[in-house]
Amino acid sequence: MTQMKRILYILAIALSIVACTDEIDKSNRYTFTGETMADFLLNRSEKYSHMITLLKRAGLFSLLNTYGQYTLFLPDNTAVEKYLAEQDSIYWATKDTPGFINTGITSPLLEELSDSMANVLSRTHLVETMHMMAEMGEGALPSRNFNYRFLGINYVVKGEQYYIMLNNSAAIIAGDNQVENGVVHIVDEVVVPSQKNVPELIGSYSFFSIFADALYLTGFRVSLTLENDDSYDADNYKFQDDKTFGAWVTSPPTRFYKYTGFIETDEVFRSYGINDVNDLRAFAEKWYGTEDRDSLTSPRNALHKFVAYHFVPREMPHNRIVPYGAIDGFDIDTKMPTKFDRYDYFETMQGTMMKAMKPMSRPDGRDTFINYNMRESPFNTDMHRHLSVRVIPLTEFVASHEEYARFDQMATNGVVHPIDKILIYNEDEMFGNILNERIRIDVLSLLPELQCNGCRYNPAQVFYKNYLPNGYSKNLSVREGVVQYGNGLFMGGSIHCSRFFDFELTLPPLPSRVYEVRVGMTQPVTFIGVMIDFPCQVYIDGKVEGDPFRVTYLDVSSRWEGNFTGYVPDDETYDNGLENDKFMRLKGWMKAPMSLYTTNSDGYMCARDNKANIRRIITKKRFDGGHHKIRFRYIGEFSVDAMIDYLEFVPLHIISDPTKPEDRY
């Protein structure tokens, strides 16, 4: 098998696991034993006694005898002994050298392993949610392990057999052994837990040497070292809510700092004629100018800007950069048509924007790109080699070159993705091309802390149980009321605000131009016998924008009344809703996009056909770059609930030409 055929073979396997789950004969996916997970281990203790010892020392073994739906990745005694010997050898071989690697393991003997390391190893191999092999798509396991870290997932071929790899260190050799309280996957090696943060991980691989030098010279590595906010304690914020009969309302359980880096290999740099960090510095000055040229640590320095644009302050394994398929059981494909492009917008650590995209409507839709070019040619012709930057899946990357074979992209505080082109930010290109479109942003995407702490794409999120205390996210200021988070129509997230709410969101730095600003929401039905107004006022940068609008609608008896939006279903009009769309716009409303699905008693339906899914046109407003703030303030007399799903920022040229009306998607 040639190298290229091998790569294509592996990728075909990976894609079949993600795309064809429904075609798998579930009767053959596992062997059912009737045992608990603890029984499974004890009944095979001659082979797995070391893991039993580790789990007991970590205080986790008794848990495996209780009700639950756990996943255990199980190495045998030989694999544990091999791992301890290797880590002990590395520790002592490097101890008195500049490149000292503190593995935390100073003896090959299990009985001499520290309690802290026993705890780390046990928690690395155990996941609180049950995951069969068919759920393990390229990127990361859908749920975090007991160390609250993702386990990276990729695939390798050995001979003619393929294997699912965990952190590119352990292969599942006998999976889907279902027990009463979960599933056990036998692995051939210990799953190596991440021990390096993001800058340390980049610096540890020689094929990232040019970028690592830039990271060091600019001092930007210091910005990537935070891991946990030790001052945050979720117990300080929980309360009992009288609206839910005294149920406990909790805030996010943790406040971790996470980072995702999109990094060029030396091979990619060399293809552009860049052979060392000095060449890279000259290249950066071509694009970012020479301000503060002699101060590499200045945010205005070209090399510093170059490095900063490669990082976003959130954790995104490959299958979470742009969501597709099932994530933590939340299936984004039930919210959007299969051929609709998946995308998200992020503010980078340069303070500028990037767009991530899976162009599902195009032939290369299975790949994930940064700043994907939808035009025939770039707006700036010099950008043709810096657009549609592909994020290389780990499976493909490790199979492409022997030097990359042992690469583990999961760091203690984030993830590192190799990319196939040099990534740069160009304001003209973003203005005239990439961001010259209707920008629809999931409201939870504005709060990166949620993506760092497992609070996005989570079907277990119930609004009344999850709320955001003021100060948890730097982009959210809660002045009054309760702001909660949960799942929504667009890209998996929405904000539920209740009582006499008043909160403000910081927006990413959009290109300078005039936008029509809209908010997409689901309006709860209120069953009452009198007409009551539930008005919300929006402010942008402290100024009132637009008229107050209702955040709920009234449903009296069995008939929908108080139709303040002007909504009429398309199939009840003579022209499929064209005139009704115009009438609704005059009243400041729009139907939901056709690209979103919602649920009804029959299953799924187009959100445009649901009167509760609606868009409010707020204002037309010029944004002059930088950050802006949008505030939602309830100004009614009675307590109310409202759900905000997404925001839209639409350049005027998209809506100003009557001969080319805005699409319904």
Side-chain angles (χ1 to χ4, degrees), residues 210-211 214-215 218 220 260-265 268-269 271-274 277 279-293 296 298-313 321-322 341 343-357 359 364 367-391 417-439 441 507-515 622-628 649 651 653-654:
I210 296 175
F211 193 93
L215 197 60
T218 58
F220 196 80
T260 295
F262 302 99
I263 311 301
E264 301 91 346
T265 62
V268 169
F269 280 131
S271 70
Y272 288 75
I274 297 171
V277 73
D279 291 341
L280 180 57
R281 186 176 177 181
F283 174 86
E285 289 180 353
K286 171 188 172 184
W287 288 99
Y288 295 111
T290 58
E291 187 176 3
D292 284 356
R293 187 176 196 177
L296 293 176
S298 168
R300 295 183 294 275
N301 176 271
L303 187 61
H304 194 282
K305 286 183 177 181
F306 176 87
V307 169
Y309 191 64
H310 287 66
F311 295 97
V312 293
I321 301 171
V322 179
D341 297 332
Y343 57 85
D344 208 346
Y345 302 91
F346 310 125
E347 181 176 354
T348 71
M349 295 182 73
Q350 188 196 73
T352 53
M353 289 182 69
M354 68 167 52
K355 180 184 179 182
M357 185 173 180
D364 48 6
D367 281 318
T368 299
F369 297 87
I370 305 299
N371 298 339
Y372 188 78
N373 181 34
M374 301 284 284
R375 295 161 52 109
E376 292 184 4
S377 60
F379 184 79
N380 180 339
T381 56
D382 291 336
M383 284 288 292
H384 73 282
R385 297 184 68 191
H386 304 290
L387 296 177
S388 302
V389 178
R390 192 165 70 95
V391 183
H417 295 287
I419 54 178
D420 72 340
K421 298 177 183 177
I422 294 182
L423 178 65
I424 60 173
Y425 175 83
N426 179 260
E427 190 168 344
D428 291 340
E429 192 66 38
M430 301 303 278
F431 176 87
N433 182 6
I434 304 301
L435 299 180
N436 187 21
E437 62 182 2
R438 176 182 55 216
I439 299 173
I441 303 179
L507 303 175
L510 301 168
S512 298
R513 57 161 53 102
V514 178
Y515 296 93
R622 179 171 184 83
F623 289 177
D624 291 315
H627 293 94
H628 297 268
F649 303 91
H653 71 82
I654 292 177

Would you find a donor on one side and an acceptor on the other, under 3.5 Å apart, between the side chain of [X] and the backbone of [Y]?
| X | Y | value |
| --- | --- | --- |
| T260 | V312 | no |
| N371 | S388 | no |
| N301 | D292 | yes |
| E347 | P509 | no |
| D420 | R390 | yes |

Would you call the rings of [X] and [Y] parallel, tilted or perpendicular, taking 30° and 60° as the class edges?
| X | Y | result |
| --- | --- | --- |
| Y288 | F306 | perpendicular |
| F369 | Y372 | tilted |
| H304 | F220 | perpendicular |
| Y515 | F649 | perpendicular |

Return yes when atom CD of E427 has more than 12 non-hydrogen atoms of other residues, nucleotides or ligands closer than 6.0 Å, and no otherwise.
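No, because the 6.0 Å sphere around CD of E427 holds 12 heavy atoms or fewer from other groups.
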When you look at CZ of R293, are more than 12 heavy atoms from neighbouring residues, nucleotides or ligands closer to it than 6.0 Å?
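No, because the 6.0 Å sphere around CZ of R293 holds 12 heavy atoms or fewer from other groups.
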Answer yes if the side chains of E429 and H386 hold a donor-acceptor pair under 3.5 Å, and no otherwise.
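No, because no side-chain N or O of E429 sits under 3.5 Å from a partner of the opposite role on H386.
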If you measure only the distance, is there a donor-acceptor pair under 3.5 Å linking the side chains of T352 and Q350?
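Indeed, the side chains of T352 and Q350 share at least one donor-acceptor pair under 3.5 Å.
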Tell me, do [X] and [Y] make a side-chain contact under 4.5 Å, heavy atoms counted?
| X | Y | answer |
| --- | --- | --- |
| L435 | Y345 | yes |
| E437 | M374 | no |
| F262 | M354 | yes |
| P378 | N426 | no |
| T368 | H417 | no |
| L215 | F311 | yes |

Of M383, R385, H384, the residue whose pairing with L387 passes side chain to side chain contact (heavy atoms under 4.5 Å, CB included)
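Answer after filtering M383, R385, H384: M383.
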Can you name the nearest heavy-atom pair linking [X] to [Y], along with the distance?
| X | Y | value |
| --- | --- | --- |
| F431 | P511 | CD1-CB, 3.9 Å |
| A302 | G289 | CB-O, 3.2 Å |
| P508 | I441 | CG-CD1, 3.9 Å |
| D279 | G273 | OD2-O, 3.9 Å |
| A356 | I321 | CB-CG2, 3.7 Å |
| R375 | N433 | CD-OD1, 2.9 Å |

Checking T348 against Y425 for the side-chain contact (heavy atoms from CB on, under 4.5 Å) test, could you report, in this order, the C-alpha distance in whole Å, the side-chain angles of both residues, the deciding distance, and whether it holds?
CA-CA 10 Å; T348 71; Y425 175 83; over 6 Å; no
Distance from K421 atom NZ to F269 atom CZ, nearest 0.5 Å?
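Result: 15.0 Å between the selected atoms.
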Output the distance between atom CG (L280) and atom CD (E285), rounded to the nearest 0.5 Å.
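If I round to the nearest 0.5 Å, the distance is 10.5 Å.
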D382: side-chain hydrogen bond (donor to acceptor under 3.5 Å, both in side chains) partners, not counting sequence neighbours:
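side-chain hydrogen bond (donor to acceptor under 3.5 Å, both in side chains) list for D382, sorted by chain: empty.
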Full working for side-chain contact (heavy atoms from CB on, under 4.5 Å) between N436 and R513
CA-CA 10 Å; N436 187 21; R513 57 161 53 102; 3.2 Å; yes
Begin with the C-alpha distance, continue with both residues' side-chain angles, and end with the deciding distance and a verdict on side-chain contact (heavy atoms from CB on, under 4.5 Å) for L507 and F623.
CA-CA 11 Å; L507 303 175; F623 289 177; 4.1 Å; yes
side-chain contact (heavy atoms from CB on, under 4.5 Å), that's the test. Do V307 and F211 meet it? Break it down for me.
CA-CA 8 Å; V307 169; F211 193 93; 4.1 Å; yes
Only counting residues at least two apart or in another chain, list the ones meeting salt bridge (charged side-chain N to carboxylate O under 4.0 Å, His left out) with R281.
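Once residues adjacent in sequence are excluded, R281 has no partner under the salt bridge (charged side-chain N to carboxylate O under 4.0 Å, His left out) criterion.
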Kindly indicate whether a cation-pi arrangement holds for K355 with Y343, taking the cut-offs as under 6.0 Å to the six-membered ring centre and within 45° of the axis.
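Satisfied, under 6.0 Å and within 45°.
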